[in-house]
Amino acid sequence: QVQLVESGGGSVQSGGSLRLSCAASGTTSGSYCMAWFRQAPGNEREGVAVVSSFYGMTTYADSVKGRFTISLSNDKDTLYLQMNSLKPEESAMYYCAAFLCSYSDYLLRGLLESSYNYWGQGTQVTVSS
């Protein structure tokens, strides 16, 4: 069984940086898509970044490309999201998620909420002006 627990959220000023962590169990073997999603009040949950635990490839939402970096520890039990140059509109609850995925799953469904069946509880990120 896969279990996910996020941490590292908090408050930062616009332009600041924050590093989120997700402790994962049950993902050290097998092929998983492991991703970060975010949801602000009144908005739908959106995919931010995804990494394939088997292939090591990453994909980012256009809005965060060049500023955010997703990574997975060598033992595959910790997922990270390094967020730089944060903007106020990126204030949201950030969630980590995972699902068993093939190469085609990663390419076609890696940033889609409906793909994921394992979710963490979320960690709040607040970016002030």
Donor-acceptor pair, S91 side chain versus V127 backbone, under 3.5 Å?
yes
Student check: side-chain heavy atoms of S53 and L72 closer than 4.5 Å:
yes
Can you check whether V50 reaches T58 side chain to side chain, under 4.5 Å on heavy atoms?
no
Who passes salt bridge (Lys or Arg N to Asp or Glu O under 4.0 Å) against R38, sequence neighbours left out?
E46, E90
At what distance, to the nearest 0.5 angstrom, does OG of S31 lie from OH of Y103?
12.0 Å
Side-chain donor-acceptor pair under 3.5 Å between S17 and N84, yes or no?
yes
Would you mind reporting whether Q121 and V5 have side-chain heavy atoms less than 4.5 Å apart?
yes
Assess whether side chain to side chain contact (heavy atoms under 4.5 Å, CB included) is satisfied between T69 and Y60, documenting all intermediate values.
CA-CA 8 Å; T69 303; Y60 298 89; 3.8 Å; yes
Can you confirm whether R109 sits close enough to Y116 that some side-chain heavy atom of one is under 4.5 Å from a side-chain heavy atom of the other?
no
Under a 3.5 Å distance rule, please check whether Q124 uses its side chain to pair with a backbone N or O of G10 as donor and acceptor.
no
Without swapping roles, check the side chain of S14 against the backbone of S129 for a donor-acceptor pair under 3.5 Å.
no
Donor on one side chain, acceptor on other, Y106 and T59, under 3.5 Å
yes
Is there a path of hydrophobic side-chain contacts, each under 4.5 Å between heavy atoms, that joins L112 and V48?
no
Between M93 and Y80, is there a shared hydrophobic cluster once you connect ILVMFWY residues whose side-chain heavy atoms come closer than 4.5 Å?
no
Return the OG to CG distance between S25 and L4, rounded to the nearest 0.5 Å.
7.0 Å
Which atom of A92 lies closest to which atom of A40, heavy atoms considered:
CB-N, 3.8 Å
Verify side chain to side chain contact (heavy atoms under 4.5 Å, CB included) between T27 and D77, making sure each step is shown before the conclusion.
CA-CA 7 Å; T27 60; D77 66 358; 5.7 Å; no
Would L81 and F68 count as a side chain to side chain contact (heavy atoms under 4.5 Å, CB included) if you check the C-alpha gap in whole Å, the side-chain angles of each, and the deciding distance to 0.1 Å?
CA-CA 7 Å; L81 184 67; F68 289 14; 4.2 Å; yes
Output, in order, the C-alpha distance, side-chain angles, deciding distance and verdict of side chain to side chain contact (heavy atoms under 4.5 Å, CB included) for C22 and W36.
CA-CA 9 Å; C22 175; W36 289 96; 3.8 Å; yes
Gap between atom CG of L79 and atom CD of E6 - 0.5 Å precision
9.5 Å
Once rounded to the nearest 0.5 Å, what's the spacing between atom OG of S128 and atom CD of Q13?
5.0 Å
According to the disulfide bond (SG atoms under 2.5 Å apart) rule, which pairs have a member within residues 28-79, sequence neighbours left out?
C33-C101
Would you say M83 ends up clustered with I70 if hydrophobic residues are merged whenever their side chains have heavy atoms under 4.5 Å apart, either directly or through other cluster members?
yes
Minimal heavy-atom distance between Y118 and F99, with the atoms involved, is CD1-CA, 4.5 Å
Smallest separation among heavy atoms of S29 and Y32, with atom names
O-CE1, 3.3 Å
Closest non-hydrogen atom pair, G47 against A61:
O-CB, 3.5 Å
Between CG of N117 and CG of L100, what distance do you get to the nearest 0.5 Å?
7.5 Å
Inter-residue atom distance T78.OG1 - M34.CE, 0.5 Å rounding
8.5 Å
Linking I/L/V/M/F/W/Y whenever their side-chain heavy atoms sit closer than 4.5 Å, directly or via other members, would V64 and V12 fall into one cluster?
yes
Answer whether the closest heavy-atom distance between the side chains of W119 and E113 falls below 4.5 Å.
yes
Within 6.0 angstrom of F54 CZ, more than 12 heavy atoms from elsewhere:
no
Starting from the C-alpha separation in whole Å, work towards a yes-or-no answer on ring pair (Phe, Tyr, Trp, His ring centres under 6.0 Å) for F37 and Y94.
CA-CA 6 Å; F37 287 78; Y94 283 70; over 10 Å; no
